[in-house]
Colleague: 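The structure's right below; bear with me while I get my questions together.
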2 protein chains.
Amino acid sequence: MQSLARGFELLETLADAGGEAGLSELAERTGLAPATIHRLVRTLVGLGYLRQLPSRRYTLGPRLVRLGDTAERLFGRWATPVLGDLVGEIGETANLAVLDGDHAVYVAQVPSPHSVRMFTEIGRRVPLHCTGVGKALLTTLPDADVTALLGRTGLPAVTDTTITDPVALRAEIALGRERGYVIDEGEQEPGVRCVAAPVPGPHGPAAVSVSGPQGRVDEAALARIAPLVVAAGLRLGAILADT
Amino acid sequence: MQSLARGFELLETLADAGGEAGLSELAERTGLAPATIHRLVRTLVGLGYLRQLPSRRYTLGPRLVRLGDTAERLFGRWATPVLGDLVGEIGETANLAVLDGDHAVYVAQVPSPHSVRMFTEIGRRVPLHCTGVGKALLTTLPDADVTALLGRTGLPAVTDTTITDPVALRAEIALGRERGYVIDEGEQEPGVRCVAAPVPGPHGPAAVSVSGPQGRVDEAALARIAPLVVAAGLRLGAILADT
DNA sequence: ATCGTTTTTTCCGTAGTACGGAACTTTGGG
DNA sequence: CCCAAAGTTCCGTACTACGGAAAAAACGAT
């Protein structure tokens, strides 16, 4: 469905450009013909998802706010209190992610009070094999699904600690299932250690994580943190089950 | 551009349905053929703007969160502090709206601390002739534009105080231009009084308003409130000019 | 387990929508 | 005032999207 995809491509491009761009800038970034873009933006402006400024440049429109809010409420709203408790107990950034196709997507986060902290963009898609939340999500999937999924994505190296061996990853997943949590040792971002646990329940795979610099999240801290993250996962699962 | 419009129609329908619905429910609500909807949702799921739950039902997807956040940041982020000050000074709900086509759209709000308070949905479109922000927006437009716009929309009565006479509305606009603010006397919602002022500047029409029940917002309060709302409009305009 | 019903998904020929090159208009800068 | 760049409109072609119909899958009842 081409035109739908292109319409959203424009919105994303606009978001990447900082929320404002002219038609020709959009044409250059997307590689689409100006006439095509014009037709798309005209429709989007008419619907209120885009706004045309007096300068004839375009901005994301007000109706996106409503959709985004509804979507966020759906995921984040009920999750942030739990994440906030985690941050209070641990002092590091807490995230909630869900499985979306072959990737993990962050849908809620509460940042750490430290000035040096993790910053994960809400809505960001990350691979499963090299992130805490990703590996936690994998522990919730049947082996057959894991195999199929990894077959599609492969295990590209992101840092030099990224697990690129399918056998090693499978062992990691098995360990995660056993302990109830997984650890990411800078596999996506050097120097960042992350503890993640699945959010159990009948609602589609989700996972919660806490991440911070390896300097603060040391071996001693890990022992204290892990049970708290697992407990948070259970709490989130329980909340979801009620809804 | 049909398919784009239909795609967004599905997203909105889903939002209306509380964020979750099955395919057949969407078919019934939108009146579209199941095959058509299936094709649309398949595309949207593939793009990440929709998520399919294990129950095969659909939910708003995580990527909408990012778009919505970016859009909200664009409007609301810089505005909420000012609106918050207004609420602190006045104790009633404060809103920011922009002109979008022939309607006003609320893009930011800070609710009043009272339990009985205005509730305006972010992203909601309202007519210009019967709302505080709408009339404030009209005061910023050249007479020719006002005429053209009112010619398109007409002046439908929403409550029994709605101004339906073009001459009376024009006088109201003239008065607003003179005083720097307008008053909405339950013209959109019975029992609600609202004070609104334009946000001046070269960024496209915008307006700020404060609204509450007529019981609290009485004549005496009006005298105190009006200058504050006008000042807030100026502050917002100044912030926008810097960006 | 077996069968009927409802919901979801796939198929496919047709209709019409979207495409994009090119021409035209408007805007902003010199 | 003129020129260059950006934005908008036009229009014939091609392909995309449409939706009825049939198949498949899930659900529930017996």
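Per chain, numbering begins at 1; letters A, B, ... match sequence-line order.
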Colleague: Does any non-hydrogen side-chain atom of B/V110 lie less than 4.5 Å from one of B/L86?
Modeller: no
Colleague: First locate atom CD of B/E187, then atom OG1 of B/T164, and finally report the distance between them rounded to the nearest 0.5 Å.
Modeller: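 Between B/E187 CD and B/T164 OG1, I get 10.5 Å after rounding to 0.5 Å.
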Colleague: Taking only side-chain nitrogens and oxygens of B/H38, does any of them come within less than 4.0 Å of OP1 or OP2 of C/dT9?
Modeller: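 Indeed, a polar side-chain atom of B/H38 lies that close.
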Colleague: Would a 4.5 Å heavy-atom cut-off, applied to side chains only, mark A/V229 and A/Y181 as touching?
Modeller: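 The answer is no, as the side chains (C-beta and beyond) never meet within the 4.5 Å cut-off.
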Colleague: Side-chain contact test, heavy atoms from C-beta onward, threshold under 4.5 Å: evaluate it for A/L67 versus A/Y49 and give yes or no.
Modeller: yes
Colleague: Taking CD from A/E25 and C1' from D/dG7, how many angstroms apart are they, rounded to a whole number?
Modeller: 14 Å
Colleague: When you check the gap from the basic side-chain N to the acidic O, do A/R235 and A/D85 get nearer than 4.0 Å?
Modeller: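 The answer is yes: the pair qualifies as a salt bridge.
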Colleague: Could you give the angle between the helix axes at the two ends of the helix from C/dA1-D/dT30 to C/dG30-D/dC1, with five pairs per end, rounded to 10 degrees?
Modeller: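 That helix gives 60° between its end axes.
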Colleague: Taking the side chain as every heavy atom from C-beta outward, state whether B/C130 and B/D184 have any pair of such atoms under 4.5 Å apart.
Modeller: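 Of all side-chain heavy-atom pairs linking B/D184 with B/C130, none is under 4.5 Å.
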Colleague: Would you mind telling me which of C/dT9, D/dA6, D/dG20 lies closest to the side-chain atoms of A/S24?
Modeller: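 Of all the options, the side chain of A/S24 is nearest to D/dA6.
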Colleague: Should A/R42 be listed as having a side-chain N or O under 4.0 Å from OP1 or OP2 of D/dT9?
Modeller: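 It does, given that an N or O in the side chain of A/R42 lies less than 4.0 Å from OP1 or OP2 of D/dT9.
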Colleague: Is it true that A/S3 and B/S3 share a donor-acceptor pair across their side chains at a distance under 3.5 Å?
Modeller: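 Side-chain D/A pair, B/S3 to A/S3: present.
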Colleague: State, to 0.1 Å, how close A/A71 and B/L64 come at their nearest heavy-atom pair, and which atoms those are.
Modeller: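 Nearest heavy atoms, A/A71 then B/L64: CB-CB, 4.1 Å.
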Colleague: In whole angstrom, give the distance that lies between atom CD1 of A/I37 and atom P of D/dG7.
Modeller: 10 Å
Colleague: Evaluate the side-chain proximity of A/T147 to A/R170: yes if any heavy-atom separation is below 4.5 Å, no if none is.
Modeller: yes
Colleague: In residues 10-23 of chain B, which residues come under 4.0 Å of DNA chain D by heavy atom?
Modeller: none
Colleague: Is there side-chain contact between A/V199 and A/L96, with heavy atoms separated by less than 4.5 Å?
Modeller: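 SC-SC contact between A/V199 and A/L96 confirmed.
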Colleague: Please list each protein N or O that sits under 3.5 Å from an N or O in nucleotides 12-17 of chain D, with the distance.
Modeller:
residue: D/dA17; atom: OP1; partner: A/Q2; partner atom: N; Å: 2.5
residue: D/dA17; atom: OP1; partner: A/S3; partner atom: N; Å: 3.0
residue: D/dA17; atom: OP2; partner: A/Q2; partner atom: N; Å: 3.3

Colleague: Within this structure, what is the OH-to-C1' distance between B/Y58 and C/dT7, rounded to whole angstrom?
Modeller: 11 Å
Colleague: Between P on D/dT8 and CZ on A/R57, what's the gap in Å once rounded to a whole number?
Modeller: 13 Å
Colleague: C/dT27, OP1 or OP2 - any side-chain N/O from A/R56 closer than 4.0 Å?
Modeller: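 For C/dT27, OP1 or OP2 has a side-chain N or O of A/R56 closer than 4.0 Å.
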Colleague: Would a distance-only check, ignoring hydrogens and angles, find a side-chain to backbone donor-acceptor pair under 3.5 Å from A/H129 to A/P156?
Modeller: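 Such a contact is found between A/H129 side chain and A/P156 backbone.
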